[in-house]
Peer 1: 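For reference, the structure I am asking about is given below.
Labels below follow one simple rule: chain letters A, B, ... track the order of the sequence lines, proteins then strands, and each chain is numbered from 1.
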Amino acid sequence: MFRKLFLNKKMILPAIVFLVITGARILHAQEEAAPTIASNAASIADTVIAVDTVWTLFCAFLVFFMQAGFAMVETGFTRAKNAGNIIMKNQMDFAIGSLAYFLLGFGIMFGTDMIGGFFGWGGDPAQSGSLRPFTFWLFQVVFAATAATIVSGAMAERTKFTSYLIYSGIVSALIYPVVGHWIWGGGWLSRVMGGAMIDFAGSTVVHSVGGWCALAGAMILGPRIGKYGPNGQVNAIPGHNIPLAALGVFILWFGWFGFNPGSTVSGLAPNIAHIAVTTNLAAAAGACSAMIFAWFRFGKPDISMTLNGALAGLVAITAPCANVSPQSAIIIGLMAGVLVVVAVEFIDKVLKIDDPVGAISVHGMCGSFGTMCVGLFAQEKFGGVNGLFFGGGVNQLLIQLTGIASVFVWTFSLAFIMFKVLSATVGLRVTQEEELRGLDIDEHGCESYSGFQIFSTQ
Amino acid sequence: MFRKLFLNKKMILPAIVFLVITGARILHAQEEAAPTIASNAASIADTVIAVDTVWTLFCAFLVFFMQAGFAMVETGFTRAKNAGNIIMKNQMDFAIGSLAYFLLGFGIMFGTDMIGGFFGWGGDPAQSGSLRPFTFWLFQVVFAATAATIVSGAMAERTKFTSYLIYSGIVSALIYPVVGHWIWGGGWLSRVMGGAMIDFAGSTVVHSVGGWCALAGAMILGPRIGKYGPNGQVNAIPGHNIPLAALGVFILWFGWFGFNPGSTVSGLAPNIAHIAVTTNLAAAAGACSAMIFAWFRFGKPDISMTLNGALAGLVAITAPCANVSPQSAIIIGLMAGVLVVVAVEFIDKVLKIDDPVGAISVHGMCGSFGTMCVGLFAQEKFGGVNGLFFGGGVNQLLIQLTGIASVFVWTFSLAFIMFKVLSATVGLRVTQEEELRGLDIDEHGCESYSGFQIFSTQ
Amino acid sequence: MFRKLFLNKKMILPAIVFLVITGARILHAQEEAAPTIASNAASIADTVIAVDTVWTLFCAFLVFFMQAGFAMVETGFTRAKNAGNIIMKNQMDFAIGSLAYFLLGFGIMFGTDMIGGFFGWGGDPAQSGSLRPFTFWLFQVVFAATAATIVSGAMAERTKFTSYLIYSGIVSALIYPVVGHWIWGGGWLSRVMGGAMIDFAGSTVVHSVGGWCALAGAMILGPRIGKYGPNGQVNAIPGHNIPLAALGVFILWFGWFGFNPGSTVSGLAPNIAHIAVTTNLAAAAGACSAMIFAWFRFGKPDISMTLNGALAGLVAITAPCANVSPQSAIIIGLMAGVLVVVAVEFIDKVLKIDDPVGAISVHGMCGSFGTMCVGLFAQEKFGGVNGLFFGGGVNQLLIQLTGIASVFVWTFSLAFIMFKVLSATVGLRVTQEEELRGLDIDEHGCESYSGFQIFSTQ
Amino acid sequence: MKRVVAYIRPEKLPDVKKALFEAEVFKMSVTNALGCGQQKGYSTTYRGVASEVNLLKKIRIEIAVNDDFLDRTVDAIVKGAKEGRIGDGKIFVSPLEDVIRIRTGERGPAAIG
Amino acid sequence: MKRVVAYIRPEKLPDVKKALFEAEVFKMSVTNALGCGQQKGYSTTYRGVASEVNLLKKIRIEIAVNDDFLDRTVDAIVKGAKEGRIGDGKIFVSPLEDVIRIRTGERGPAAIG
Amino acid sequence: MKRVVAYIRPEKLPDVKKALFEAEVFKMSVTNALGCGQQKGYSTTYRGVASEVNLLKKIRIEIAVNDDFLDRTVDAIVKGAKEGRIGDGKIFVSPLEDVIRIRTGERGPAAIG
Ligand SMILES: Nc1ncnc2c1ncn2[C@@H]1O[C@H](COP(=O)(O)OP(=O)(O)O)[C@@H](O)[C@H]1O
Ligand SMILES: Nc1ncnc2c1ncn2[C@@H]1O[C@H](COP(=O)(O)OP(=O)(O)O)[C@@H](O)[C@H]1O
Ligand SMILES: Nc1ncnc2c1ncn2[C@@H]1O[C@H](COP(=O)(O)OP(=O)(O)O)[C@@H](O)[C@H]1O
């Protein structure tokens with residue numbers, strides 16, 4: 001449309017209408033003989049909004065692309081016979097989540113505050129602060145979808161497709177938006193104990209919400225057939241496509257450059273590069289420490305643990321990314337990398353909860369850990385408060401812990417009830433026969449790798 | 001080059017020459033003591049151009065990346081023995097298309113109007129309106145390549161490689177640019193029946209051109225061996241890598257955020273986020289409705305149909321994305337999702353045209369459908385006219401239908417003649433032996449999955 | 001954080017602190033009654049910095065994503081039994097490289113010049129010229145990581161994991177930064193023979209450094225078992241996943257749009273689109289000429305050579321991208337495409353150096369070739385000097401050749417010593433048994449394609 | 001009882017199955033195999049290096065039959081698999097001493113079907 | 001000596017291996033196969049086209065045993081593989097004339113284990 | 001006629017093929033298999049959980065030969081496959097009653113080559 005503008009001056013294009021209404025000031029400044037101080041100021045303001053909008057949109061696009069990353073990680077870490085099913089779940093939770101968040105979720109998250117900060121009501125998706133209409137919604141919907149999609153990995157290879165679809169709608173329309181309202185939408189956690197919980201880009205809001213839903217789901221579902229032996233021994237069920245999983249991790253890392261720096265919702269924010277750097281260093285550190293720690297624990301540098309380590313660093317830095325120094329980011333990443341290995345083993349071997357991709361450890365545990373780190377490593381000079389290690393005392397830490405705990409209670413309880421109800425009604429788990437044969441055949445009537453010889457002894 | 005600028009002040013860099021010539025106003029504003037209103041206005045104008053250029057380039061990069069999406073979708077939906085061949089076709093149509101569109105296509109599309117709007121001549125690729133030189137060409141070439149690459153999917157698994165290369169050049173140098181001229185380059189469809197055809201980002205210009213070429217090609221080629229039984233029964237030839245196909249769809253969806261919002265060719269356009277949101281909602285709705293409709297029709301939620309559904313939503317919203325409300329986008333997406341399932345069945349079972357990836361249905365049918373929707377759902381308040389459903393009468397609808405029909409006639413006829421000529425000269429189809437053994441071995445002397453055991457019973 | 005700003009005006013957010021300190025001018029301009037010429041100029045300057053920062057960051061993200069491209073290309077072109085290992089190497093060289101370049105490398109590359117331009121010392125990663133703090137570091141680290149990751153492909157399928165980790169640290173902390181200092185950090189090659197070496201985006205700095213390290217490594221390692229027969233015959237060891245390799249090439253091509261145009265480090269640079277276009281055309285031309293030349297040489301259009309051809313074009317245009325015309329870019333690409341095929345054959349069949357992915361040819365040879373092309377094809381009107389073909393005489397060509405040669409000597413020598421030392425201490429190569437069984441099992445205790453039937457006769 | 005093993009062209013599997021079903025042989029086991037015989041292979045070039053591939057994809061069918069079914073089984077395979085060109089394949093017949101149906105424990109000729 | 005070939009359900013392989021180990025049969029070779037028998041397959045729809053899949057994934061186990069090991073081998077396989085449902089599989093026993101251990105050149109019954 | 005089945009190390013396939021060609025045995029069928037024998041497997045850890053893999057990749061070669069070719073076939077396989085280490089594999093020889101060339105319908109010893 002616009003592209004023709006300069007090629008065919010005679011044409012009166014609908015696009016021009018827009019320009020006349022809102023974009024005109026700039027053109028005027030260019031075309032007319034006498035710009036004034038005021039017209040310049042107006043043009044500048046308009047340009048600033050454009051830069052903020054362009055930045056926010058691009059970051060939103062990158063965050064959208066994380067859906068592909070999750071899909072690849074989850075597919076790669078599970079078995080070939082369920083590959084199509086997990087792909088479908090990843091695509092559909094975004095599709096359903098988009099619609100649910102448009103129709104309901106956004107309103108709850110950013111609407112007028114109700115019942116003392118508990119939830120919002122009536123937010124309009126077009127409402128975008130000083131950004132262009134709908135910019136903010138797009139940025140938010142990709143976050144909501146991230147929270148939703150985390151769960152599919154933990155519940156992979158045994159969950160009924162229909163139940164998963166229902167779950168997707170509920171989490172995007174209700175569970176996530178309420179937490180979002182508490183912390184980002186002006187709810188009670190944004191004004192608590194004389195301060196505000198700091199969760200810059202969503203270690204808690206997004207990741208731990210996903211992680212705790214995953215925990216509830218995986219607990220209620222029970223382990224995959226063959227995961228735990230009759231005498232309690234733990235069996236490995238290796239993923240079928242490590243290169244695909246690694247591609248997924250690279251895509252996620254790439255997308256995280258939208259996730260964290262984009263959470264400024266402003267290209268003029270002076271700290272966007274700072275955030276990108278803390279994000280990158282934490283991921284790098286997480287990969288290193290997870291690799292080394294796994295090497296030490298299991299004798300070999302485990303690939304899937306190292307990949308998880310990078311994600312652990314990313315999840316952990318998500319809350320503190322704007323408030324800590326790059327050096328602190330490295331430390332946070334290093335700790336997250338170790339934590340994720342410990343957490344995976346603990347959940348798998350002690351709790352005996354079967355989480356095929358480590359979603360609970362990566363997103364739930366490391367998300368909470370990262371949120372806590374704000375209370376430890378934050379430095380006032382980056383624009384917030386000082387954390388415990390920088391002389392700020394324990395107040396912020398307590399706020400953070402309050403936030404972590406409340407989000408856990410809300411999310412886990414609701415998710416638990418939801419999955420129990422689904423289990424009792426639609427049914428949450430496929431039959432044993434279907435699980436053995438693979439969900440691709442029974443749920444979707446197809447094979448994901450038609451023609452390939454695949455050993456399916458598990 | 002530039003990066004050294006601030007590190008080594010003494011160096012005289014070639015880059016500086018640029019700055020002096022065109023970028024200087026800004027630096028002046030900063031360095032000199034006395035900015036004036038005029039210098040400020042000039043700096044603002046320069047910044048605005050930069051923002052528009054940055055936006056357009058990034059969107060162009062995303063659209064480029066769609067090539068990877070198409071390659072993955074088409075590879076995933078066909079058989080392993082032809083995977084390398086389809087990859088090659090996807091890479092080479094972009095490579096050849098880039099050169100052909102540089103040397104010829106752009107000139108035809110955006111050059112001076114000839115014979116009353118039928119084609120253009122002499123457009124210079126550097127010419128970029130108010131954008132920086134070459135910006136516009138880059139944005140256009142990735143669109144041209146999209147149109148070209150659509151065809152490879154429909155003609156997959158049996159087309160001679162040489163013929164495909166020739167086809168690529170012709171479509172990028174001639175068939176596509178002419179249509180582009182009609183609608184975007186100031187040709188006759190941009191001033192017809194007292195109005196202008198509205199095809200904001202190319203449901204018709206790009207997608208249906210690709211779709212109708214695909215239709216002509218698939219018709220002339222005939223079905224793959226084994227696709228239709230001797231008594232007319234229809235056989236399924238499943239794709240070999242659903243996760244790869246799904247990755248492709250995610251990449252395409254991601255790239256579409258460049259395709260549609262980028263078509264403003266301006267980061268200051270106030271509706272870029274609006275467009276991103278209509279795009280996203282239509283895709284989500286298309287996936288949902290295709291899944292539900294396929295579930296209902298075939299008893300199971302078919303994965304490949306659902307993936308096609310998302311693409312159908314994206315293709316359909318491409319024309320109306322800037323002129324309709326998000327709510328209308330959802331409706332358009334829902335309808336496109338159903339349409340694509342019906343169309344795939346119709347083309348496969350009734351017309352008995354073998355289109356392995358559904359390109360004709362997704363791009364041809366849904367592209368035309370989406371273009372028509374402008375005439376139904378457009379709303380004046382978004383900057384264009386009112387469509388039929390919003391009180392605007394049938395005029396715009398008739399313009400749209402005229403456009404759809406003329407593009408069909410032009411594209412299908414030319415493509416038909418081209419493929420017939422290719423068929424009679426170079427030969428369009430590989431031998432039966434080659435087709436059975438796979439095009440990878442016979443056309444390229446290689447195997448795509450060396451070492452993997454692959455059953456090749458089809 | 002910022003996102004709440006406009007939703008809950010009462011909240012005092014940490015973010016505001018930032019705004020007050022640095023971003024305030026803009027807001028003031030909007031909110032206050034009387035903007036002045038000076039306040040407008042300040043706002044413009046701030047916006048310009050923001051645009052440059054946003055541009056540079058996005059390009060950096062794209063370059064980061066090239067890591068995924070390298071990982072996929074290298075995985076696809078090697079055997080299934082080593083897929084996890086190569087993935088690990090690609091991930092870990094980025095992780096370790098990030099930390100090493102943060103702690104040491106950046107300081108050497110961009111610090112105060114020492115010993116007459118040989119290396120730098122003490123550069124601070126936050127230092128970013130006129131960009132926001134840390135922007136420049138992020139852009140640089142992804143370049144450093146590109147150089148590092150090139151090597152893994154050439155040394156694939158037989159290198160000990162531990163040694164590779166050590167190598168990664170050394171190249172990112174020392175070998176690369178020194179070269180970077182010479183050419184980009186104000187070192188001796190930036191003021192030599194009355195001019196400066198021109199390597200706009202790093203054909204030499206990045207690619208040939210990677211290529212020459214790869215050469216040293218592959219020479220010392222020796223060929224894979226079975227690559228050369230007892231009587232010197234050359235055997236093919238086909239890659240296991242061509243679609244993945246092709247995806248990698250598409251990702252690299254996509255990332256290159258950040259690599260080259262982003263090297264302006266400025267969104268206001270008037271030539272960003274020009275650079276994107278030369279980049280694209282050279283890649284397209286490289287793919288075409290490599291395909292045609294391989295067709296002619298080997299009788300069939302070899303897929304992996306064509307993919308290499310596109311990369312060859314990209315590598316070759318990286319140095320001259322800003323200084324040559326699009327037409328010259330096509331010629332450079334065409335030559336690079338032929339060169340890469342010749343080089344691959346030469347290295348493989350004459351030198352008998354086993355480079356599974358062609359890294360030495362693509363990055364070392366074509367990188368040097370492209371750097372030389374600046375001396376031939378540069379045109380003053382694009383902001384630099386005139387090359388030989390445009391009447392500028394041989395001076396620039398000689399400077400370029402001096403640069404190419406010095407970088408070769410430095411890089412190859414250091415890498416040679418380093419790999420020799422590693423070989424004598426930690427050991428550079430896995431045992432024959434491990435190599436036969438695959439590095440995935442022996443180095444990482446896992447299989448990359450669990451369940452798939454894979455023939456491992458090599 | 002006999003064990004019949006046939007190596008056929010992959011793309012002939014549907015036809016062979018159909019021919020077997022028509023001959024009322026409903027049970028079989030199929031594996032994929034690489035075969036080397038009179039049929040010339042093909043040559044590939046990977047990155048400029050040529051290599052001869054003379055192991056071609058084949059399908060291996062294994063069928064246990066009672067003696068009275070032997071001929072029609074062999075005939076059915078021939079009917080389904082024959083193209084008259086080199087590479088059509090071979091059928092091997094060898095003695096089978098016992099068959100056990102795992103589900104029921106049945107043994108001998110009764111268990112075969 | 002006998003050659004025992006069994007087709008079993010893939011997911012039963014671990015159980016069968018365990019049962020064989022308990023019966024002191026430590027050697028075997030395993031291939032995957034597609035089987036067609038009494039067990040009904042399943043139907044898939046791909047892009048709206050239905051197709052019947054009646055070749056189901058099976059595991060083929062091949063074990064060479066000395067005559068005195070035959071019964072316990074067969075029993076162990078049955079024990080490990082039996083679910084009592086259609087599709088459990090079959091065991092085929094045929095004569096084996098000679099065995100050669102490649103490493104040592106040993107022949108006959110001594111080479112089998 | 002005899003049916004010779006050999007299980008060998010995958011990486012020995014080219015050598016075995018060469019040895020067979022030298023012994024003028026040009027026909028064979030190859031499958032991949034997993035073997036379990038004296039050769040110890042390896043252990044993997046996936047996400048912290050160790051597991052023993054004792055099914056190792058092997059190549060299965062099946063050759064039908066006339067009686068007078070038996071010895072040189074066996075010798076050629078041994079020659080090509082022997083490394084002298086555990087895991088070298090086994091050769092099994094069993095009777096073959098009939099061979100049919102699908103292309104021509106030829107039967108018996110004449111059809112084998
Ligand atoms: N003596 C044999 N032993 C084992 N397999 C054989 C033998 N002869 C043929 N085959 C198998 O049969 C396939 C077809 O054999 P070939 O000689 O090419 O065909 P034809 O018998 O039609 O001339 C071979 O690829 C191989 O798998
Ligand atoms: N006569 C036979 N020849 C070859 N394979 C057979 C034969 N009968 C059964 N099989 C194999 O055994 C598998 C199980 O057979 P099926 O008849 O389904 O089970 P059951 O014997 O328990 O009824 C089949 O899928 C096939 O692989
Ligand atoms: N009795 C047997 N039955 C079936 N396959 C066997 C038997 N013995 C050995 N094999 C096959 O031969 C391979 C090598 O056997 P192994 O005992 O490890 O070697 P070696 O004979 O050199 O000691 C095994 O992996 C298995 O595939």
Peer 1: Checking heavy atoms, do the side chain of C:Leu57, its backbone, both or neither come under 4.5 Å from chain A?
Peer 2: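 C:Leu57 touches chain A through side-chain heavy atoms alone.
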Peer 1: Out of A:Gly267, A:Ala310, A:Gly333, A:Gly286, return the one with the most heavy atom pairs under 4.5 angstrom to chain C.
Peer 2: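 That would be A:Gly267.
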Peer 1: So, do C:Met88 and A:Met291 sit near enough that their side-chain heavy atoms are less than 4.5 Å apart?
Peer 2: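 Yes, side chains in contact.
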Peer 1: Taking the side chain as every heavy atom from C-beta outward, state whether A:Pro243 and C:Ser448 have any atom pair closer than 4.5 Å.
Peer 2: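 A:Pro243 reaches C:Ser448 side chain to side chain.
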Peer 1: Given that the side chain runs from C-beta out, which part of C:Thr36 has a heavy atom under 4.5 Å from chain A: side chain, backbone, both or neither?
Peer 2: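 Contact with chain A involves the backbone of C:Thr36 alone.
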Peer 1: Looking at A:Ala276, A:Ala38, A:Gly195, which one has more heavy-atom pairs under 4.5 Å with chain C than the rest?
Peer 2: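 When all of A:Ala276, A:Ala38, A:Gly195 are compared, A:Ala276 has the most.
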Peer 1: Quick one: CD1 on A:Ile272 to OG1 on C:Thr135, what's the gap to the nearest 0.5 Å?
Peer 2: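 Interatomic distance, A:Ile272 CD1 to C:Thr135 OG1, rounded to 0.5 Å: 6.5 Å.
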Peer 1: I'd like to know if the side chain of A:Arg79 reaches the main chain of C:Ser450, judged simply by a donor and an acceptor atom lying under 3.5 Å from each other, with no hydrogens or angles considered.
Peer 2: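 A pair under 3.5 Å: no.
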Peer 1: Under 4.5 Å from any heavy atom of chain C, what part of A:Phe65 do you find: side chain, backbone, both or neither?
Peer 2: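 Contact with chain C is through the side chain of A:Phe65 alone.
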Peer 1: Nearest 0.5 Å, what's the CG-CD1 distance between C:Leu138 and A:Ile275?
Peer 2: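 That separation rounds to 12.0 Å.
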Peer 1: Measure C:Phe102 against the heavy atoms of chain A and call it side chain, backbone, both or neither at under 4.5 Å.
Peer 2: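 Only the side chain of C:Phe102 comes within 4.5 Å of chain A.
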Peer 1: What part of A:Val277 lies closer than 4.5 angstrom to a heavy atom of chain C: side chain, backbone, both or neither?
Peer 2: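 When you check distances to chain C, atoms from both the backbone and side chain of A:Val277 fall under 4.5 Å.
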Peer 1: Is the closest side-chain donor-acceptor distance between C:Ser98 and A:Asn280 under 3.5 Å?
Peer 2: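 Yes, because at least one side-chain N or O of C:Ser98 sits under 3.5 Å from a partner of the opposite role on A:Asn280.
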Peer 1: With a 4.5 Å limit on heavy-atom distance, are the side chains of A:Leu62 and C:Phe58 in contact?
Peer 2: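 Side-chain contact under 4.5 Å: yes.
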Peer 1: Under 30°, 30 to 60°, or over 60°: which ring-plane class applies to A:His274 and C:Phe134, parallel, tilted or perpendicular?
Peer 2: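 If you compare the ring of A:His274 with that of C:Phe134, the planes turn out perpendicular.
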Peer 1: Quick one: which of C:Val51, C:Asp442, C:Leu103 has the most heavy-atom pairs under 4.5 Å with chain A, could you say?
Peer 2: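 Heavy-atom pairs under 4.5 Å are most numerous for C:Asp442.
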Peer 1: C:Asn241 versus chain A, heavy atoms under 4.5 Å apart: side chain, backbone, both or neither?
Peer 2: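 No part of C:Asn241 comes within 4.5 Å of chain A.
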Peer 1: I would like to know whether A:Leu247 and C:Met72 meet side chain to side chain contact (heavy atoms under 4.5 Å, CB included); could you show each step before the answer?
Peer 2: CA-CA 7 Å; A:Leu247 173 64; C:Met72 294 302 108; 3.7 Å; yes
Peer 1: Under the criterion side chain to side chain contact (heavy atoms under 4.5 Å, CB included), I'd like the reasoning laid out for A:Val249 against C:Gln91: C-alpha separation, chi angles, the key distance, then a yes or no.
Peer 2: CA-CA 9 Å; A:Val249 170; C:Gln91 207 204 8; 3.8 Å; yes
Peer 1: Could you go through the ring pair (Phe, Tyr, Trp, His ring centres under 6.0 Å) check for A:Phe452 and C:Phe452 one step at a time?
Peer 2: CA-CA 7 Å; A:Phe452 282 90; C:Phe452 282 91; 5.6 Å; yes
Peer 1: Before you tell me yes or no, could you show the steps for A:Phe250 and C:Phe70 under side chain to side chain contact (heavy atoms under 4.5 Å, CB included), namely the whole-Å CA-CA distance, both residues' side-chain angles and the distance that decides it to 0.1 Å?
Peer 2: CA-CA 11 Å; A:Phe250 278 116; C:Phe70 281 108; over 6 Å; no
Peer 1: Report the distance from atom CG of A:Leu268 to atom CG of C:Asp46, rounding to the nearest 0.5 Å.
Peer 2: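 A:Leu268 CG to C:Asp46 CG: 5.5 Å, rounded to 0.5 Å.
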Peer 1: Who among C:Asn85, C:Leu99, C:Asn90 has the most heavy-atom pairs with chain A under 4.5 Å?
Peer 2: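 The residue among C:Asn85, C:Leu99, C:Asn90 with the greatest pair count is C:Leu99.
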Peer 1: Using a cut-off of under 4.5 Å for heavy-atom pairs, which of A:Ile303, A:Leu244, A:Val54 has the most such pairs with chain C?
Peer 2: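 Ranked by heavy-atom pairs under 4.5 Å with chain C, first place is A:Ile303.
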Peer 1: Show the nearest heavy-atom pair for residues C:Ala95 and A:Cys288, with the distance to one decimal.
Peer 2: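 Looking at all heavy atoms of both residues, the shortest contact is CB-SG, 3.9 Å.
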Peer 1: Does A:Trp253 form a side chain to side chain contact (heavy atoms under 4.5 Å, CB included) with C:Phe94? I'd like the steps, not just the answer.
Peer 2: CA-CA 12 Å; A:Trp253 194 325; C:Phe94 186 78; 3.4 Å; yes
Peer 1: Can a donor-acceptor pair be found, under 3.5 Å and without considering hydrogens, that links the side chain of A:His240 to the backbone of C:Tyr449?
Peer 2: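 Not a single qualifying donor-acceptor pair exists.
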Peer 1: Between chain A and each of C:Gln453, C:Glu443, C:Gln67, count heavy-atom pairs under 4.5 Å; write down the option with the most.
Peer 2: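 Maximum pair count with chain A is reached by C:Gln453.
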Peer 1: Mind listing the closest non-hydrogen atom pair of A:Ile242 and C:Gly84 along with its distance?
Peer 2: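 What the structure gives for the nearest pair is CG2-CA, 4.5 Å.
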Peer 1: Quick one: what part of C:Leu165 sits under 4.5 Å from any heavy atom of chain A, side chain, backbone, both or neither?
Peer 2: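 The answer is the side chain of C:Leu165.
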Peer 1: Using 30° and 60° as the class boundaries, would you call the ring planes of A:Phe257 and C:Phe64 parallel, tilted or perpendicular?
Peer 2: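 Plane angle over 60°, so perpendicular.
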Peer 1: Side chains of A:Pro238 and C:Glu447: closer than 4.5 Å at any heavy-atom pair?
Peer 2: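 No; the side chains remain at least 4.5 Å from each other.
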